[in-house]
Amino acid sequence: MRDASPQTIFLADYTPFGFQIEKVHLTFDLAPSATRVTSRIRFAPNPEASDKTFFLHGENLSLISAKIDGQAVTPTLTPEGLTCDVPSIPFTWEAEVQIDPAANTALEGLYLSNSMYCTQCEAEGFRKITYYPDRPDVMSVFTVRINGPHGTLLSNGNPVASGDCWAEWHDPWPKPAYLFALVAGELVAHRDAFTTNEGRSVDLALYVRPGDENKCSFGMQALKDSMKWDEDVYGRAYDLDVFNIVAVDDFNMGAMENKGLNIFNASAVLASPATSTDMNFERIEAIIAHEYFHNWTGNRITCRDWFQLCLKEGLTVFRDSQFTADMRSAPVKRISDVIDLRGRQFPEDQGPLAHPVRPESFQEINNFYTATVYEKGAEVIRMLHTLVGTKAYAAALDLYFERHDGQACTIEDWLTVFEDSTGRDLSQFKRWYSQAGTPRVAVTESFADGTYTLTFAQSLAPSATTPDPQPQVIPIAVGLLAPDGSEAMGTQVLELTQASQSFTFSGMAEKPVPSILRGFSAPVVLDHMADHAFLLAHDTDPFTRWEAGNNLARASLIATITRGTDPDPAWINGIAGILTDANLDPAYRSLMLDLPGQSELAAELHRAGHTPDPDAIWTAVHGLKYALSDAMADALPALYAAHQVSGPYAPNAEQSGKRALASAVLTLLTRQDGGDQAQVQYDTADNMTLQLGALANLIRAGRGDAALARFEAQWKEDRLVMDKWFGLQVGVAEPDDAADTAKALTQHAAFNWKNPNRFRATLGALAAHHAGFHAKDGSGYALLADWLIKLDPVNPQTTARMCSAFQTWRRYDTIRQSLIQKALERIASTPDLSRDTTEMITRIREA
Ligand code: TRP
Ligand code: ZN
């Protein structure tokens, strides 16, 4: 068990480690409950460090023996590691420890998943494998010998030699321990090859469990596309002779960028048309790219300490979003990213878990793999890119790779590169890294004598980590439209640096209509009483045009919820026009039907001084969709028919766009035909996108039972498809049914709660069902709390992540607040609660 009184770690306290490591040799003698790990590490005093305390991290290790330069030593052991007297000249440390992978349910360190050995070391898992300075600024060259079972034996770097039940690997690139990986078990390889632009031929392999061979080809193609893209766009070539990916069923997150040996949650890599939706394919392509791109942004240049996590994650998310934009539709990717940011990051910024992109303290680093660090971190880099321009960005990145290759860096290093290569002063821009919260930008306009003036006022609400917010540099991309809808001024990027600032545009014949925050040029909330219907009809920027529809919908919903008004015909007419506009990309049209999230509406109501009622929000959202469906009733069958895909399934942007639009239309159509078309689609579906879309609508129409049973019978052997079956039932349940549905599913024989994918499919779906989770009787809160209490001792990391479902509790009425407080209190008072969950619950309750 972890220690009961968790310690807070501060960025300001950073000091370098007292020793450098020249090389590491590890030997693994694998056995399920008694694995032996022998380490031989060459240490030398670090001239940069004043503190020469020899402390090695180590948790849950049985130390068998320790030696320095061949002489047995007796280190002082604590629950966190060991200290030992060491020479003041270079020396060799040798230790043998025993660990128990079979008992490791936390999925951190070395563990077993379906009798396959695998590791997860980021952020601090290596200390559960052997004694080591487990910190990212200690980098070394690793050689690994695996004595294991029959089958595949993998580690980082290049294969050196292998024989019957053994293999040796050598990684020539110095790396921190968090990038170490080992995999051993009965696996089958899907192989391919890639030749880099430097002429290196690389053997590629995707290792999966027997039976999953037919789900590899898409991921492999995505890998090759990523390798090529990073050469073409960033000039970054791969640097080893092999690149291996392994699919694992039990995994806490999406995937991990271990050097030369990426380990993936099976859900983030395995795909086939029959078992995966278009959305799955797109996500898999993006995650493969993300992990591959880490080879340069993360591995070759890593983080000095975990406070700098956004250095690798923000940059790598930005890079994978550029990749997806290039591979598919740039506007669709941008809008999808904004939807995701508002759904996951804005709530963090608005609540008790608010933290800067670069936090300054933490108790458990696992709790800071957040939407703020990743997605807002990527937005910050996107703003830099916007401010300096594409060419200067490319030059700065070249300098970054040249100057810092092989180093463990900070945000200061990163910004200095940009300052040196562009000559810009980025000291104010740096506030994006240190201030928590989402800035709001209020817009006012005036027009006189042909001069149009836009005034922006920025504000940032004080929070626990940012009590005294200062103005930030906000790039605001603006275009101006003439009253006839033509473009009066193309996009210009305005740099807002003051608390309040005006920009003038002269020579205007008439007062223009502004299109503000084109491309979502900054992660802010815009307060602007714009003519949304006009912008929805005429804006030339795909993002702000989509945003106009979104704003109209939001205003209509808020009016319905607070004043009982009918749905706004301006939204219905505008959207109907867009849906039937054959000149527009179908994927883009389908996004027009994506209404503001219900949780987002609750936040908006709360801010406006109302107490959000989740049931009223649910009713208003459905009322708006029904009104659109009724208004478009006659057009729906033809619209549906026009977007059927003929020919063999392909998960590309063109086909998946058509299917996305047809699926959105099917939902509207189901209200009209009671599910008849959905039944036809279900019966004839030859891919998972169509099958699952049809199933969702059959359930909504109240006639899903037969199809659900058929689906289960068809897919009961497929773990990833069954996750969809669990998740969908909760996701589309009526609000007062969602908790009962989730509860019943937790009793299902296939509810394997120790598997994070299954747990999240079921209970994560409940947390994401706004009205269902917030059911007035507290049944949603109670069910989630019960399961989090049960999961915590088994898997603290997944438990802690899911606690964020409670982060918005202050928004709701006093009855719901006290029900949530009771649930939180119950979790908090659980004996031996993990450090991870303790920190999350404490932060959520304290605010
Ligand atoms: N570095 C991984 C990524 O973003 C994230 C990750 C995977 C992770 N598994 C983890 C982080 C376990 C913490 C713990 O690509
Ligand atoms: Zn990452």
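Whatever order the structure lists ligands and atoms in, that order sets their numbers, starting from 1.
- Closest to atom 1 (N) of ligand 1, if we only count protein heavy atoms, is Glu122 OE1, 2.5 Å.
- Separation of the Phe307 and Phe368 ring centroids does not fall under the 6.0 Å cut-off.
- Ligand-side atoms of ligand 1 in range of His290: 3 (C), 4 (O), 15 (O), range being under 4.0 angstrom from any heavy atom.
- Taking the centre of each ring, Phe318 and His385 come in below the 6.0 Å mark.
- Of all N/O/S atoms in His290, NE2 sits nearest the Zn ion (ligand 2).
- We find that Arg209 and Asp249 are joined by a salt bridge, their nearest charged nitrogen and carboxylate oxygen being less than 4.0 Å apart.
- Ring centroids of Tyr292 and Phe243 are separated by less than 6.0 Å, placing the two rings close together.
- Residues satisfying the side chain to side chain contact (heavy atoms under 4.5 Å, CB included) test with Asp405, not counting sequence neighbours, are Trp296, Arg300.
- Looking at Gln797, Glu124, Met253 and measuring to atom 14 (C) of ligand 1, the nearest heavy atom belongs to Gln797.
- Atoms of ligand 1 found under 4.0 Å from any heavy atom of Glu257 (numbered from 1 in listed order, with element): 1 (N), 2 (C), 3 (C), 15 (O).
- Evaluated by nearest non-hydrogen atom to atom 6 (C) of ligand 1, the leading choice among Gly298, Cys121, Ala268, Ala255 is Ala255.
- Close approach of ligand 1 to Met256 (heavy-atom distance below 4.0 Å) involves ligand atoms 1 (N), 2 (C), 7 (C).
- With salt bridges taken as basic N to acidic carboxylate O contacts below 4.0 Å, one links Glu122 and Lys312.
- Taking 4.0 Å as the cut-off, Glu108 does not count as a neighbour of ligand 1 on heavy-atom distance.
- When heavy-atom distances to ligand 1 are checked against a 4.0 Å cut-off, Lys312 comes that close only through its side chain, counted from C-beta outward.
- Electrostatic pairing of Asp723 and Arg719 does not count as a salt bridge here, judged by no charged N lying under 4.0 Å from a carboxylate O.
- Side-chain rings of Tyr433 and Trp414 stay apart, their centers remaining 6.0 Å or farther from each other.
- Annotation: cation-pi pair Lys228/Phe194 absent, no NZ/CZ under 6.0 Å from the ring centroid and within 45° of its normal.
- Annotation: Glu291 places an N or O atom under 3.5 Å from an N or O atom of ligand 1; distance criterion only.
- Take Arg135 and apply the side chain to side chain donor-acceptor pair (under 3.5 Å) test, not counting sequence neighbours, and it matches Asp137.
- Residue Gln120 has at least one heavy-atom neighbour below 4.0 Å for each of these atoms of ligand 1: 9 (N), 10 (C), 12 (C).
- At a 3.5 angstrom cut-off on N or O pairs, Asn366 does not count as close to ligand 1.
- Checked against a 3.5 angstrom limit, the closest N/O atoms of Tyr374 and ligand 1 fall inside it.
- At least one N, O or S atom of Glu313 sits under 2.8 Å from the Zn ion (ligand 2).
- Closest N/O/S atom of His294 to the Zn ion (ligand 2): NE2.
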